[in-house]
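Read the structure below first, then the notes.
Everything quoted here is computed from the prediction, not taken from an experiment.
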Amino acid sequence: MQQKRNIQIIEWEDLDKRKFYSFGVFMTMSIRATVYPATLIRTRLQVQRGKSLYSGTFDAFFKILRAEGVRGLYRGFMVNTFTLISGQAYITTYELVRKYVSQYSDDNTVKSLVAGGSASLVAQSITVPIDVVSQQLMMQGQGEHLTRFRLNTNTETGKPKKVFGQTRNIMAQIFAADGFRGFYRGYVASLLTYIPNSAVWWPFYHFYAEQLSKLAPSDCPHLILQAMAGPLAAATASTVTNPMDVVRARVQVEGKTSVTETFRQLIKEEGFWGLTKGLSARIISSTPTAIVMVVGYETLKKLSLRPELVDSRHW
């Protein structure tokens with residue numbers, strides 16, 4: 001370990017990489033399946049004008065469930081699973097940059113901030129095209145009138161094609177309308193959202209964990225403290241970056257080209273309250289995500305420790 005801390009941090013060089021990646025794919029997939037409905041609801045809330053479709057998170061949930069069933073809450077999920085690639089890229093970049101920065105600074109906040117921002121930059125370069133397609137699929141059904149592209153129905157059955165047929169349908173429409181650049185629509189907005197989000201999340205995560213460790217009994221398991229710190233950090237980061245997340249969603253779904261113009265239009269039409277749209281859904285989705293991610297990630301690192309280090313790390 002590079003620092004003496006109340007809560008020990010398992011660093012990159014301590015890990016068995018084969019175990020780390022094997023367990024990591026399963027963990028990431030489980031998290032995404034759990035929180036995907038909240039992600040879909042957040043997207044629809046952020047794109048709608050005022051409260052034209054839903055009055056809030058729970059109203060959206062029940063309306064979608066009644067009108068579209070459980071499958072409606074998982075529109076675009078199969079496409080979104082390809083973000084597993086970006087998830088692994090994120091983790092790897094975070095750990096490697098953290099290791100690199102540690103050569104110049106022992107400050108955990110500095111390491112976390114730089115590594116978190118760098119990891120998000122790499123991950124978003126992979127994620128944005130997947131997000132552009134999956135968000136178009138999310139908006140089908142009750143929200144299809146809010147998006148530029150609609151699924152073409154099968155001429156024989158009158159129904160949209162299934163799963164990847166729908167994906168090809170949307171991708172073809174995006175490419176026909178905007179070319180390859182269409183798949184990176186909102187890339188700048190995504191960077192302006194997720195780099196700060198990630199850069200804020202990690203330092204606050206370690207900060208909250210340290211503060212909780214000072215308040216908790218000495219025999220309190222570290223994993224419990226980390227599980228509490230994760231949602232606190234997620235709520236903090238979500239609140240700080242939500243305005244840009246609203247702009248990002250509108251740029252990608254509505255096909256806008258200017259981040260600043262989209263921001264101005266949002267303020268003009270809905271006032272500053274418009275910048276909070278989808279925040280509750282975002283926090284609701286980020287809270288279980290943070291708990292599962294923290295418990296899963298810290299457990300993953302514990303399980304992936306090199307054999308000779310297993311007894312030297314404590315929960």
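- A ring-centre distance under 6.0 Å is not found for Phe62 and Phe58.
- The two atoms that bring Tyr184 and Val128 nearest to each other are CA-CG1, 3.9 Å, heavy atoms only.
- Residues Tyr187 and Ser125 bring a donor and an acceptor atom of their side chains to less than 3.5 Å of each other.
- With a 4.5 Å cut-off on side-chain heavy atoms, Leu275 and Phe263 count as touching.
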Please set out all donor-acceptor pairs under 3.5 angstrom arising from side-chain atoms of residues 171-179, sequence neighbours excluded.
| residue | atom | partner | partner atom | Å |
| --- | --- | --- | --- | --- |
| Gln173 | NE2 | Arg150 | O | 2.8 |
| Gln173 | NE2 | Asn169 | OD1 | 2.6 |
| Asp178 | OD1 | Arg148 | NH2 | 3.2 |
| Asp178 | OD1 | Arg185 | NH2 | 3.3 |
| Asp178 | OD2 | Arg148 | NH1 | 2.8 |
| Asp178 | OD2 | Arg148 | NH2 | 3.4 |
| Asp178 | OD2 | Arg185 | NH2 | 3.2 |

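- In terms of modelled atom types and a separation under 3.5 Å, the side chain of Arg250 and the main chain of Gln48 share a donor-acceptor contact.
- Summarising the geometry, atom CG belonging to Asn242 is positioned 5.0 Å from atom CZ belonging to Arg282; distances are rounded to the nearest 0.5 Å.
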Evaluate the criterion side chain to side chain donor-acceptor pair (under 3.5 Å) for residue pair Ser198 and Ser120; output intermediate values, then yes/no. CA-CA 6 Å; Ser198 185; Ser120 193; 4.8 Å; no
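- Just one of Lys277, Gln265, Lys51 meets the side-chain hydrogen bond (donor to acceptor under 3.5 Å, both in side chains) condition when paired with Glu270; it is Lys277.
- You'll find the side chain of Met78 stays beyond 4.5 Å of the side chain of Leu137, heavy atoms only.
- Between Phe149 and Ile170, the closest heavy-atom pair is CB-CD1, 4.1 Å.
- Side-chain contact check for Thr236 and Tyr208: at least one donor-acceptor pair (N or O, by modelled atom type) lies under 3.5 Å.
- Remark: Tyr90 OH is packed, more than 12 non-hydrogen atoms of other residues, nucleotides or ligands lying under 6.0 Å away.
- Annotation: side chain of Val259 is in contact with side chain of Met244 (closest heavy-atom distance under 4.5 Å).
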